[in-house]
Amino acid sequence: MTIEAILKDDIQKAIQKHFDVTVEDIILQPTKKEFEGFYTFVTFPLTKSIRKSPAEIGQIIGTELAEHSSVAEKFNVVQGFLNISLKDTTWLELFSDVFNDQDFGTFPSNGQSVMVEFSSPNTNKPLHLGHLRNNFLGDSLSKILKASGYDVVKTCLVNDRGIHICKSMLAYRELGNGETPESSGMKGDHLAGKYYVLFDKEYKTQIKELVEQGMPEEEATKKAPWILEAQKLLLLWENNDPETVALWHKMNGWVYEGFRQTYDKIGVGFDKTYYESNTYLLGKDIIEEGLSNNVFYKKPDNSVWIDLTAEGLDEKLVLRGDGTSVYITQDLGTTELKFSDFHNNRYLWVVGNEQDYHFKVLFAILKKLGRPYADGCYHISYGMVDLPSGKMKSREGTVVDADDLVEQMIQTAASRTQELGKIDDFDSAEAKQLYNQLALGALKYFLLKVDPKKRMLFNPEESIDFQGHTGPFIQYTYARIRSIIRKAEQSGIQPVIPPVSYVLHPAEKELIFALSQYPVRVQAAANEFAPSVISLYAFELAKVYNQFYAEVSIFSDPNPDSVKFRVALSGAVSETIQKALGLLGIEVPERM
RNA sequence: GGUCCGGUAGCUCAGCUGGAUAGAGCAGCUGCCUUCUAAGCAGCAGGUCAUGUGUUCGAAUCACAUCCGGAUCACCA
């Protein structure tokens with residue numbers, strides 16, 4: 001039973017005893033900084049059933065708690081707020097829960113498994129900042145769900161075929177002159193992206209020419225030579241034309257090597273990768289099934305539809321008249337495949353909020369088809385990363401490239417570290433590792449501290465901070481503590497919980513309180529699918545520690561119990577920071 | 001136009017299962033390194049919580065309306 005639960009129980013009993021009123025759900029909130037106490041119980045709602053003033057009720061409950069509660073020590077009442085302080089022995093018990101449990105904040109298996117699909121890149125261009133948000137969210141969520149008791153399967157569905165891939169293939173065929181990543185010195189994904197942009201440039205020129213010749217723009221976009229050629233290439237690919245398939249293999253191979261490097265660098269990986277070229281034909285048997293069940297219906301042109309107007313959606317096409325798939329057909333098939341491969345209890349998709357509607361439709365169809373996994377499906381919809389100039393567009397080259405950004409962050413981390421001159425004794429490998437940790441710490445934290453649902457702004461003119469509410473601030477706190485732990489080890493000081501007679505310093509209580517919150521936050525983050533909950537927690541914990549650090553002296557305190565206790569506290573904080581940042585995919589440095 | 005999401009300090013964001021004088025960080029201004037890492041700490045200043053009405057003992061939080069921004073409503077993915 002947690003302290004909070006005991007306190008709630010005591011309050012419930014006190015109300016029962018003094019007023020003969022039963023309150024089933026006692027709500028406690030953390031006491032505001034400017035008042036004394038750690039938990040606050042609001043008594044306003046009780047005035048209806050108990051005909052006394054809020055303050056009087058608070059006084060009576062408080063008195064009862066102070067006399068009989070096993071955890072509460074004293075109280076004060078401000079209007080309808082009963083602020084409760086805990087006994088020192090209670091604080092020490094709370095801390096020993098943290099201190100003695102190596103897995104504090106990691107929940108035992110809940111017997112459920114979940115698949116998290118994220119990243120899902122297109123093989124016609126390199127990753128950009130928006131993909132980084134997706135990757136970091138997916139990776140972090142997977143870790144958070146695992147810590148909260150789920151068995152997690154991370155998957156990636158690579159969008160490796162389609163008209164957009166053919167566009168870069170075509171531009172390469174026409175303009176490439178046999179260029180390769182080796183000959184150009186470009187990373188393969190960047191090379192493919194270059195031709196994707198070149199396609200768009202030429203395509204636009206062609207449209208412009210046709211329009212100048214008097215063709216309406218709408219028609220021109222459909223009749224420009226290169227778009228027709230790209231469509232032809234797609235047909236050739238679908239018919240397994242050896243030359244086309246060879247080019248496709250070659251270019252995708254370059255892209256995969258490029259992606260591999262980027263994934264390695266940012267520390268993201270998958271348990272299972274699906275390729276759309278293998279799955280794009282799936283789903284047609286489900287269409288047949290739906291037709292025979294009358295879930296779907298056919299129009300005169302042979303196209304297949306579903307009517308979702310009763311669900312508040314529209315009529316949706318699920319199969320073209322010529323029998324070819326659309327996006328939703330493939331997703332139906334792929335989801336079925338995932339289920340037959342893994343039989344998970346839940347399926348999550350980390351995909352931008354521009355696809356909210358698509359997923360509503362997908363889930364509604366799955367439900368109508370009576371799929372057993374339909375209720376476990378959930379779209380983790382996140383907001384776009386916008387630039388001050390607006391939306392990023394790959395075709396127009398207005399993107400913040402992932403590789404460039406990471407490289408730039410590493411440079412900033414290096415120069416900042418060198419300015420401070422604290423690691424002059426590091427060899428180059430150690431220094432490089434630190435710069436990487438700091439760069440990714442800053443970047444990941446920047447993208448994960450914001451509520452995933454909200455769109456966020458990135459201003460390339462202002463580099464991402466290393467001070468204040470940032471990843472490096474938290475990493476710094478960790479490094480500071482490690483320094484203390486090393487000193488304690490050298491001096492032979494053991495981390496020990498003090499005897500029950502120990503009188504705690506207020507800063508110590510604050511730290512224990514912050515530590516005790518960790519499991520609650522892990523659970524909340526998992527329930528809300530929000531790594532930002534962990535981000536904010538890690539920052540709060542680091543802040544409380546830095547206050548503690550500035551306020552008390554660890555080694556020069558005359559009381560040996562204090563010294564040992566503070567070393568123990570520091571150790572627990574460092575471990576909790578490491579765990580919390582770990583859930584965000586952020587590493588911690590021993591020194592910085 | 002329909003649907004969905006958002007609008008909190010100059011900037012970036014917390015807070016949103018209703019509770020105390022609305023919180024951080026950045027930027028600005030003051031202090032604090034002969035003692036455990038100053039990538040830190042303490043403080044000052046900065047707010048019609050988009051607007052209006054309602055519900056309530058109490059509203060940034062809930063409801064309704066309005067304004068502004070974004071997404072989406074493709075036989076694209």
(request) Give the C-alpha distance, both sets of side-chain angles, the deciding distance and a yes or no for ring pair (Phe, Tyr, Trp, His ring centres under 6.0 Å) between A:Tyr518 and A:Tyr537. (result) CA-CA 8 Å; A:Tyr518 179 60; A:Tyr537 171 76; 5.6 Å; yes
(request) Could you go through the side chain to side chain donor-acceptor pair (under 3.5 Å) check for A:Arg320 and A:Thr324 one step at a time? (result) CA-CA 5 Å; A:Arg320 292 191 186 104; A:Thr324 57; 3.0 Å; yes
(request) Could you check A:Glu238 against A:Tyr280 for side chain to side chain donor-acceptor pair (under 3.5 Å), going step by step and ending with a plain yes or no? (result) CA-CA 11 Å; A:Glu238 285 181 0; A:Tyr280 82 105; 4.6 Å; no
(request) Decide side chain to side chain donor-acceptor pair (under 3.5 Å) for A:Asn252 and A:Thr123; before the verdict, give the C-alpha distance in whole Å, the side-chain angles of both, and the deciding distance to 0.1 Å. (result) CA-CA 6 Å; A:Asn252 272 357; A:Thr123 59; 2.9 Å; yes
(message) Determine whether A:Tyr445 and A:Phe473 satisfy the following criterion, ring pair (Phe, Tyr, Trp, His ring centres under 6.0 Å), listing intermediate values before the conclusion.
(response) CA-CA 10 Å; A:Tyr445 196 86; A:Phe473 168 89; 9.2 Å; no
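Looking at A:Phe359, A:Phe118, A:Tyr357 one by one, the single match for ring pair (Phe, Tyr, Trp, His ring centres under 6.0 Å) with A:His379 turns out to be A:Phe359.
Of the residues in residues 555-571 of chain A, those lying under 4.0 Å from RNA chain B by heavy-atom distance are A:Phe555. Residues from residues 520-531 of chain A placing a heavy atom under 4.0 Å of any atom in RNA chain B do not occur. Across residues 484-491 of chain A, A:Ile484, A:Lys487 each have a non-hydrogen atom less than 4.0 Å from an atom of RNA chain B (numbered order).
By the 30° and 60° cut-offs, the orientation of the rings of A:Tyr39 relative to A:Phe513 is perpendicular. By the 30° and 60° cut-offs, the orientation of the rings of A:Trp248 relative to A:Trp237 is perpendicular. Note: A:Phe446 and A:Phe458 have perpendicular aromatic rings, judged against thresholds of 30 and 60 degrees for the angle between ring planes.
To the nearest angstrom, P of B:rA24 lies 17 Å from CG of A:Leu541. Atom CZ in A:Phe426 sits about 12 Å away from atom C1' in B:rU37, given to the nearest Å. In this structure, A:His379 atom NE2 and B:rC5 atom C1' are separated by 12 Å, rounded to whole Å. For the pair A:Ile474 CD1 and B:rG40 C1', the interatomic distance rounds to 14 Å; values are reported in whole Å. The interatomic distance linking A:Arg480 (CZ) with B:rU37 (P) rounds to 8 Å, in whole Å. Taking atom CZ of residue A:Arg416 and atom C1' of nucleotide B:rG40, one finds them 11 Å apart after rounding to whole Å. Residue A:Leu447 contributes atom CG, which lies 11 Å from atom P of B:rC13 at whole-angstrom precision. The CZ atom of A:Phe458 sits 12 Å away from the P atom of B:rC13 (whole-angstrom rounding).
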Could you list the protein-to-nucleotides 58-60 of chain B atom pairs, N/O on both sides, closer than 3.5 Å?
none

Atom pairs, protein N/O to nucleotides 26-29 of chain B N/O, distance under 3.5 Å:
none

Enumerate the protein-to-nucleotides 19-23 of chain B contacts in which both atoms are nitrogen or oxygen and the separation is below 3.5 Å.
unit_1: B:rA20; atom_1: N6; unit_2: A:Thr40; atom_2: OG1; d: 2.9
unit_1: B:rA20; atom_1: N6; unit_2: A:Asn83; atom_2: OD1; d: 2.9
unit_1: B:rA20; atom_1: N1; unit_2: A:Asn83; atom_2: OD1; d: 3.3
unit_1: B:rA20; atom_1: N1; unit_2: A:Asn83; atom_2: ND2; d: 3.3

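Across all strands, A:Thr417 comes closer than 4.0 Å to base atoms (heavy-atom distances). A:Leu457 comes within 4.0 angstrom of sugar-phosphate atoms only, judged by non-hydrogen atoms across all strands, and of no base. Within 4.0 Å of A:Val304, counting heavy atoms only, lies no atom of the nucleic acid at all. When heavy atoms are screened at a 4.0 angstrom cut-off, A:Leu313 is found touching no nucleic acid atom at all. Residue A:Ser553 is in base contact, counting any heavy-atom pair closer than 4.0 Å across all strands shown. Among the protein residues, A:Lys449 comes within range of no part of the nucleic acid, since none of its heavy atoms lies under 4.0 Å from any strand.
A:Gly352 approaches A:Met384 most closely through the heavy-atom pair CA-CE, 3.6 Å. A:Ser570 and A:Ile481 make their closest contact through O-CG2, 3.2 Å (heavy atoms, listed as atom of the first residue, atom of the second, distance). Counting all heavy atoms, side chain and backbone alike, A:Pro531 lies closest to A:Leu584 at O-CD2, 3.7 Å. For the residue pair A:Ser532 and A:Lys449, the shortest heavy atom distance occurs at CB-O, 3.5 Å.
Taking the side chain to side chain donor-acceptor pair (under 3.5 Å) definition, one finds that A:Ser277 meets it with A:Asp160, sequence neighbours left out. Residues passing the side chain to side chain donor-acceptor pair (under 3.5 Å) test with A:Thr155: none are found, sequence neighbours excluded. Listed by chain and number, the residues in a side chain to side chain contact (heavy atoms under 4.5 Å, CB included) with A:Val197 amount to none (sequence neighbours excluded). Applying the side chain to side chain contact (heavy atoms under 4.5 Å, CB included) rule to A:Asp425 yields the partners A:Arg591; only residues at least two apart in sequence or on another chain are considered.
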(message) What does the B/S/- profile of nucleotides 69-77 of chain B look like, 5' to 3', with a 4.0 Å heavy-atom cutoff to protein?
(response) --SSS-BSB
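Checked by atom type, the side-chain pair A:Asn134/A:Tyr382 shows a donor-acceptor distance below 3.5 Å. For the residue pair A:Thr477 and A:Asn546, a side-chain donor N or O sits within less than 3.5 Å of a side-chain acceptor on the partner. In summary, the side chains of A:Tyr545 and A:Glu510 do not present any donor paired with an acceptor at a separation below 3.5 Å, with no hydrogens or angles considered. Residues A:Thr412 and A:Ser463 bring no donor and acceptor atom of their side chains to less than 3.5 Å of each other.
Closest to the A:Ala550 side chain, of the nucleotides B:rU37, B:rC41, B:rA14, is B:rC41. Of the candidate nucleotides B:rU3, B:rC41, B:rU37, B:rU3 has the atom lying nearest to any side-chain atom of A:Lys360. The listed nucleotides are B:rA38, B:rC41, B:rG6; the one nearest the side chain of A:Lys454 is B:rG6.
When the nearest nucleotides of RNA chain B are assigned to A:Val450 and A:Pro589 by heavy-atom distance, the more 5′-ward of the two goes with A:Val450.
A cation-pi arrangement, defined by a distance under 6.0 Å to the six-membered ring centre and an angle within 45 degrees of its axis, is present between A:Arg480 and A:Tyr549. Remark: A:Lys167 is not positioned above the aromatic ring of A:Trp226, lacking an NZ or CZ atom under 6.0 angstrom from the ring centre and at most 45 degrees off the axis.
Checked against a 6.0 Å centroid threshold, the rings of A:His164 and A:Tyr196 do not count as neighbours. Proximity of the aromatic rings of A:Phe44 and A:Phe81 is defined here by a centroid distance below 6.0 angstrom, and this criterion is met.
With its glycosidic angle more than 90° from 0, B:rC57 is assigned anti.
The strand RNA chain B forms stems, runs of 3 or more Watson-Crick or G-U wobble pairs with distances below 3.5 Å, at B:1-7 with B:67-73, B:10-13 with B:23-26, B:28-32 with B:40-44, B:50-54 with B:62-66.
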